[in-house]
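Step one of this worksheet: look at the structure below.
Quick caveat: nothing in here was measured; it's all calculated off a predicted structure.
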Amino acid sequence: MLKKYEGMHKSVLVYSDENIKAEKKAKSYKALAHYTNINALKNILSSKKIRFTNIGTLPDKSERNSIGGKEYSTYIFSLSFTHQLENNDKMWKNFGDNYKGAKIIYSFNNNIEDLIEKNSLAEGMYCGKVTSKFEFSGKNSNYLRNDELLKRGILLELHYRDANYIDKEKLDFEGSFKIKNEFWTDLKNLVNIKGKCKYQKETRINAVLMTNTNIEKIKYLYVPIDFENLKEIKIEFGKNCEQKDIEEIENIIKSENFKNIKLLKAEE
């Protein structure tokens with residue numbers, strides 16, 4: 001069922017029961033895990049930021065197609081977690097640098113929204129340089145009018161979804177629809193993923209840019225983490241992680257005076 005919703009800003013068309021339920025589900029987890037390599041972990045701790053990747057640059061073009069093609073995927077950036085907190089061999093091999101990296105478990109006082117520091121600016125990066133900065137809108141929507149992505153000022157909206165696994169080799173379908181000569185993107189399609197990836201048990205934060213600037217030259221968004229607002233962060237090193245890397249992480253934690261980070265030994 002679709003409902004007219006007048007209380008939000010102009011980019012909102014409707015709320016749907018399906019999207020409300022999906023958002024609530026993604027916010028129900030008290031902790032989420034993120035597998036990464038050691039260099040990325042060092043950058044997260046040193047910069048106090050986490051990286052979102054532009055969907056238009058992902059290797060799997062089917063994800064781009066599921067939200068309306070390259071034109072609109074350019075405005076959408078994504079960060080992936082898993083809600084399976086137990087160790088997963090495939091996740092370690094594919095995302096944890098074959099056990100040479102680490103698994104970060106973020107624990108929340110409330111929900112996944114605790115992760116992002118919304119009083120700071122997100123940085124758009126291209127070729128290692130900051131090309132633009134974005135403020136958080138502080139408002140959530142389930143449908144965005146596509147032309148608003150081109151016209152609005154520099155704002156960043158965050159949306160939370162579990163992955164929707166599709167049992168097709170190619171996700172070749174359109175995620176937009178037309179109303180009164182205007183095109184809208186259904187945000188439930190932001191996390192359509194091939195069924196073979198079900199082992200990831202993925203939860204994503206999707207950042208949608210609404211800007212009148214040239215954002216085609218942004219590959220990554222670096223978004224500030226609200227370390228002080230998190231309940232706890234556990235870092236588990238992979239069994240193949242080198243001791244020198246572990247010691248460097250320990251030194252960063254000490255120098256940055258992090259109080260709520262716990263380091264775990266690798267499980268054999």
Side-chain angles (χ1 to χ4, degrees), residues 16-37 40-41 44 49-55 58-60 62-64 66-67 73 76-96 101-118 122 136 140-142 144 156-167 171 175 185-208 220-227 229-236:
S16 71
D17 293 341
E18 181 181 0
N19 275 324
I20 293 172
K21 184 177 180 181
E23 188 95 0
K24 184 177 180 180
K25 179 66 166 58
K27 292 180 181 179
S28 68
Y29 305 110
K30 288 299 183 181
L32 292 169
H34 180 73
Y35 291 80
T36 190
N37 60 57
L41 174 58
I44 289 171
K49 294 182 176 69
I50 197 163
R51 190 178 76 179
F52 285 61
T53 301
N54 179 262
I55 287 183
L58 294 178
D60 187 354
S62 61
E63 288 195 51
R64 178 193 306 168
S66 72
I67 58 170
S73 63
I76 300 169
F77 296 75
S78 193
L79 172 63
S80 296
F81 302 87
T82 177
H83 46 265
Q84 177 180 279
L85 302 185
E86 297 81 11
N87 278 330
N88 182 299
D89 185 61
K90 285 187 176 180
M91 295 291 285
W92 271 114
K93 290 179 178 178
N94 294 333
F95 303 103
K103 179 176 73 171
I104 311 169
I105 300 178
Y106 298 95
S107 296
F108 314 119
N109 288 304
N110 298 300
N111 57 49
I112 189 174
E113 291 184 292
D114 292 344
L115 181 68
I116 304 302
E117 171 54 68
K118 298 180 181 65
F136 295 95
N140 292 324
S141 62
N142 280 300
L144 294 175
L156 183 66
E157 288 193 339
L158 300 178
H159 304 271
Y160 309 89
R161 293 288 188 280
D162 282 356
N164 179 32
Y165 297 103
I166 309 296
D167 291 321
L171 306 181
T185 298
D186 184 350
L187 294 186
K188 74 175 183 294
N189 290 329
L190 288 180
V191 198
N192 284 320
I193 300 173
K194 292 177 182 177
K196 65 182 181 181
C197 299
K198 287 182 180 180
Y199 73 90
Q200 297 178 18
K201 298 187 183 301
E202 187 173 350
T203 299
R204 282 193 191 182
I205 306 178
N206 291 295
V208 180
Y220 301 112
L221 275 178
Y222 283 85
V223 176
I225 299 174
D226 194 349
F227 280 94
N229 194 39
L230 291 169
K231 183 177 181 180
E232 185 181 50
I233 299 173
K234 294 179 182 178
I235 298 175
E236 179 179 342

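- Remark: Ile205 CD1 to Leu158 CG distance equals 6.5 Å, nearest 0.5 Å.
- In plain terms, the two heavy atoms of Gln200 and Thr82 that are nearest each other are O-OG1, 2.8 Å.
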Tell me, with the steps shown, if Arg161 and Glu23 meet side chain to side chain contact (heavy atoms under 4.5 Å, CB included).
-> CA-CA 6 Å; Arg161 293 288 188 280; Glu23 188 95 0; 2.2 Å; yes
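- Taking 4.5 Å as the limit, some side-chain heavy atom of Met91 sits within range of a side-chain heavy atom of Tyr199.
- More than 12 heavy atoms of other residues, nucleotides or ligands shown are found within 6.0 angstrom of NZ on Lys25.
- Rounding to the nearest 0.5 Å gives a distance of 8.5 Å between CD1 of Ile44 and CD1 of Ile235.
- The line from NZ of Lys201 to CD of Glu86 is 9.5 Å long, rounded to the nearest 0.5 Å.
- Shortest non-hydrogen contact noted between Glu202 and Tyr165 is N-OH, 2.9 Å.
- Minimum interatomic distance between Asn88 and Tyr35 (heavy atoms only, all atoms of both residues): N-OH, 3.3 Å.
- A side chain to side chain contact (heavy atoms under 4.5 Å, CB included) with Tyr106 holds for exactly one of Ile112, Ile233, Asp114; it is Ile233.
- Across all non-hydrogen atoms, the minimal contact from Phe136 to Val223 is CZ-CG1, 3.6 Å.
- For the atom pair CG (Leu230) and CZ (Phe108), the distance works out to 7.0 Å, reported to the nearest 0.5 Å.
- Under the 3.5 Å distance criterion, the side-chain polar atoms of Lys231 are left unmatched by any main-chain donor or acceptor of Lys30.
- Distance check: Ile116 CD1 to Tyr160 OH gives 6.5 Å after rounding to the nearest 0.5 Å.
- Panel note: side chain Lys234, backbone Ala33; no donor-acceptor pair is recorded below 3.5 Å.
- One side chain, Glu236 or Asn87, offers a donor N or O that lies under 3.5 Å from an acceptor on the other.
- Here the closest non-hydrogen pair linking Ala122 and Pro224 is CA-CD, 4.2 Å.
- Annotation: cation-pi geometry not satisfied between Lys49 and Tyr222 (NZ/CZ under 6.0 angstrom from ring centroid, within 45° of ring axis).
- The closest side-chain heavy-atom distance from Leu79 to Leu221 is not below 4.5 Å.
- Residues Ile193 and Ala163 share a closest heavy-atom pair of CD1-CB, 3.6 Å.
- Formation of a donor-acceptor pair under 3.5 Å by the Asn109 side chain with backbone atoms of Asn229 is found in this model.
- Distance CD/Glu117 to CZ/Phe227: 11.5 Å, rounded to 0.5 Å.
- A donor-acceptor pair shorter than 3.5 Å can be found between the side chains of Tyr29 and Asp162.
- Without hydrogens or angle criteria, Ser80 side chain to Arg204 main chain gives no donor-acceptor distance under 3.5 Å.
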